[in-house]
Amino acid sequence: MDKEKLVELAYKASKYSYSPYSHFKVGAALVTEDGSVFTGCNVENASYGATICAERTCALKAVSEGHKKIKMMVIVSDSNKFTYPCGICRQFLSEFMDNDGIIVVHDKDKGTKEYTLGELLPEAFVL
Ligand code: THU
């Protein structure tokens, strides 16, 4: 599964975003070490704190189907800037992605930027 295809899948997933409060549509797509692919979108709630970001929806779909080793995740949104994973999502991903796992953010005009999870979350909390 190449990066460009994941970007396309992330945009498709963002169409399902349930975001009546923020009107901010986010999509994510990931590939696991065995090549399995999962997608997700943000799902909001009237109790705002119950909202789940696209990245966690996506990771939860993988983990809940037995895929615990995420190699790469792509994140997109309908805004005109790069959308980076929030702090909670970075920590959440660190459970299922190594430090050298790849996070890709994509913007329709600005293109693609790529980071390792270690760059976005140095010294992640571990037990
Ligand atoms: N959101 C994500 O889905 N991922 C991010 O990386 C940042 C924020 C969502 C949560 C909420 O539905 C909306 O974007 C505005 O915060």
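As the structure lists them, so they are numbered: ligands from 1, and atoms in each ligand from 1.
- When each atom of ligand 1 is checked for a heavy atom of Ser22 under 4.0 Å away, the hits are 13 (C), 15 (C).
- Proximity of atom 16 (O) of ligand 1 to the protein is not indicated, since no non-hydrogen protein atom lies closer than 4.0 angstrom.
- Here is the list of ligand 1 atoms found below 4.0 Å of a heavy atom in Thr51: 10 (C), 11 (C), 12 (O).
- Nearest to atom 9 (C) of ligand 1 among the protein's heavy atoms is Asn42 ND2, 3.6 Å.
- Aromatic ring orientation, Tyr48 versus Tyr21: tilted (interplanar angle from 30° to 60°).
- Less than 4.0 angstrom separates some heavy atom of Cys86 from each of these atoms of ligand 1: 6 (O).
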Working for side-chain contact (heavy atoms from CB on, under 4.5 Å), residues Lys25 and Ser77: CA-CA 5 Å; Lys25 291 179 187 292; Ser77 76; over 6 Å; no

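- Salt bridge absent: Arg90 and Glu55 never bring a charged side-chain N and a carboxylate O closer than 4.0 Å.
- Using a 4.0 Å heavy-atom cutoff, Ser19 is absent from the residues neighbouring ligand 1.
- For Leu60, the side chain to side chain contact (heavy atoms under 4.5 Å, CB included) partners are Phe92, not counting sequence neighbours.
- Taking the six-membered ring for Trp and the full ring otherwise, Phe82 and His106 have centroids separated by 6.0 Å or more.
- A donor and an acceptor atom, one from each side chain of Asp100 and Thr116, are nowhere located under 3.5 Å apart.
- The protein heavy-atom contact nearest to atom 14 (O) of ligand 1 is Phe24 CD2, 3.3 Å.
- Proximity of Cys53 to ligand 1, defined as any heavy-atom pair under 4.0 Å, is shared by backbone and side chain alike.
- Not a single heavy atom of Cys89 sits less than 4.0 Å from an atom of ligand 1.
- Closest protein heavy atom to atom 12 (O) of ligand 1: Glu44 OE2, 2.4 Å.
- Annotation for ligand 1: atoms under 4.0 Å from non-hydrogen atoms of Glu55 are 2 (C), 3 (O), 4 (N), 5 (C), 6 (O).
- At under 3.5 Å, a nitrogen or oxygen of Ala54, whether backbone or side chain, sits near a nitrogen or oxygen of ligand 1.
- Considering only residues two or more places apart in sequence or on other chains, Tyr18 meets the side chain to side chain donor-acceptor pair (under 3.5 Å) condition with none of them.
- With hydrogens and angles left out, the side-chain atoms of Ser47 and Asn45 include no donor and acceptor closer than 3.5 Å.
- With hydrophobic clusters built from ILVMFWY side chains whose heavy atoms lie under 4.5 angstrom apart, Leu30 does not share a cluster with Tyr11.
- Using 4.0 Å as the threshold, Tyr84 has a heavy atom nearer than that to some atom of ligand 1.
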